[in-house]
Every structure is written in structure tokens, then in C-alpha cells.
Amino acid sequence: MTLSSGPVTSKSATDKVSVAERLFVALDYPDAASALSVAEKLAPLGVSYKVGMQLFYAAGMSVVRQLQPYGKKVFVDLKLHDIPNTVAGAVDSLVRQGVEFLNVHTQGGPEMMQAAVDAAYKAADAIGKPAPKLIAVTLLTSLSERHVREFLFVESASAQEYVQHLALQAKKCGMHGVVCSAQEAALIRKACGPDFLLVTPGIRPSGTDTQDQQRVITPAQALKNDSDYLVVGRPITGAADPLSAARGIVEEMRGALGGATE
Ligand code: C5P
């Protein structure tokens, strides 16, 4: 893959989004109090937040609502994956309660993704709100080329080709974007166009521990590869000073975007 070297050019999908808002801090905590205490510390930065399974199953929609005043966006990352009717019902419930950024798993198949898209538009219409951003998970960033070959048993494609294929399927089903590794972002951007949202976890500032992530990349390189949104958890939430860790990442992002002031 060829990587661009200079500052990132602006794209329509995130043109009006501030640099800090393009950082989703993954609040993987067991209770609302821990998540809200970090959100309070990070409030001066104006970052966005991601509520995943651990926090959502412990604290539900109540913590999503409580986070909304602290963050620009709140991404509810439940990676819905079930039969079309069940996923449509789950999307309906989430959107009717005000969720504006959520995801399903591509592995649920095209009918499931289409059912999710239909449900999202209908639910938003019913409550008089704009349609939410519906994002499809491709291949988890904790899985490597070896998993694709030996576990998923995909022999005919590399991990990048496999992810590109899933992204194109997601786009065809009407999804607004995908979760992928920023290592594949440039390739997916080329295949899926400028408005398709690329949300990329597996971000590790240089010198930090990769932990269970495999396909990792730095914040600056993720933006140079054309990611729209970066998802960062433990490098911020596990730091002695989360505000300073998050500020460092936002500064690195600003540098990669050519010193954007917003
Ligand atoms: O702590 P860390 O930065 O590794 O957190 C990454 C976050 O992104 C976690 O909340 C994880 O659930 C999420 N995620 C991921 N890979 C995906 C999709 C989501 O790591 N493909």
C-alpha cells in the first residue's frame, strides 16, 4: 500500500468536524462513575466518546445520555450481529433513544445490514431526527493475517483484500462507513469514495504498548492513511494523566492535518 507523506487533504465527510471531535476515546470501564470521571477530566479538549459493550451492559442508555454534554459525539459500539429481524429491533430501540452513531457487524450478512439501515432511517424519521451514522465492523483489529487464513479459512485473499471486500458489501447495503484498521484505510477510501466514513481503532502512539491489538498504527499515520475518526482506549484511559495523553494525541492529529486550528 502506498502511504501519503504530507499533511492530509480535507475530505467532505469530516470537513466540518473539529480535530478533537475526530478522536473517539473508548471508555471501556465497568461502571458509569469511572467513565464519567474520565470524561470530566477530558472535557476541556472537546473529544468524542465511545461506549462499548462493557460500559453499555453495566450502565445502559443512562451513561450514554450522561456523556452527551461532555463529548462532541457518543458512539455506541455494540457490534450488533444477529438475524436481520433482531438487529433491526435493536437498531430501532437505540435510535429511538437518541443514539446517533452506532454499529453492526458485516459478518451478519447483507440482509442483516440492509435491515439495520432500514430500521435506522425509520426510527429517526419517527422521532423527527436526522438519520444516525450506521457503521459496519469489518475485521477486528485484534485479528491478523494469520487469523484470516487459519481461523476464518479465507485462503484466496489477504487481510486487506478481505476487509476491502467487506467494506464494499457494507457500502452496497447503505451503511455510512466501516470500522477497520487504519492500515487498510487508504485502500478502502479508494474503493468506497470520499464520503464513506472510516473509523479506525488499533491506534498506538509511538512507544506505547500494543496490548491485544495486532494491526496497530500511530495517530498521525492513521490520518495520513485517510481515517476519518480515530478510536483510542488504553493509551488514554490507562495513562497516569489521561488529559495529557489525550492532548498529546490531539496535537499529533493536528500536526498530521497540517496544523488545523479547530
Ligand atoms: O484500548 P484500545 O485502544 O485497544 O481500545 C480500542 C477500542 O476499539 C476497544 O473499545 C475495542 O472494543 C474497539 N474496537 C477495536 N477493533 C475493532 C472494533 C472496535 O479495537 N475492529
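All residue numbers in this chain count up from 1 along the given sequence. First listed ligand is number 1; within each ligand, the first listed atom is number 1.
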- Message: Any carboxylate oxygen within less than 4.0 angstrom of a Lys/Arg side-chain nitrogen, looking at E100 and K73?
- Response: no
Are any protein N/O atoms closer than 3.5 Å to the N/O atoms of ligand 1? If there are, list each pair with names and the distance to one decimal place.
residue, atom, partner, partner atom, Å
ligand 1, 1 (O), R234, N, 2.7
ligand 1, 1 (O), R234, NE, 2.7
ligand 1, 3 (O), R204, NH1, 2.9
ligand 1, 3 (O), G233, N, 2.8
ligand 1, 4 (O), R204, NH2, 2.7
ligand 1, 4 (O), Q213, NE2, 3.0
ligand 1, 4 (O), R234, NH2, 2.8
ligand 1, 10 (O), D28, OD1, 3.4
ligand 1, 10 (O), D28, OD2, 2.7
ligand 1, 10 (O), K50, NZ, 2.8
ligand 1, 16 (N), T141, OG1, 2.8
ligand 1, 20 (O), T141, OG1, 3.3
ligand 1, 20 (O), Q213, NE2, 2.9
ligand 1, 21 (N), T141, N, 3.4

- Message: Would you call the rings of F24 and Y229 parallel, tilted or perpendicular, taking 30° and 60° as the class edges?
- Response: tilted
- Only one of D28, T210, T208, D212 clears side-chain hydrogen bond (donor to acceptor under 3.5 Å, both in side chains) with R234; which? D212
Let me check something: any side-chain donor-acceptor pairs from residues 113-133 under 3.5 Å, sequence neighbours excluded? List them with distances.
residue, atom, partner, partner atom, Å
Y121, OH, H176, NE2, 3.0

- Item | Results of side-chain contact (heavy atoms from CB on, under 4.5 Å) for D209 - residues two or more places apart only | Q211
- Query: Considering residues at least two apart in sequence or located in another chain, which fulfil the side-chain contact (heavy atoms from CB on, under 4.5 Å) criterion with S244?
  - Reply: D241
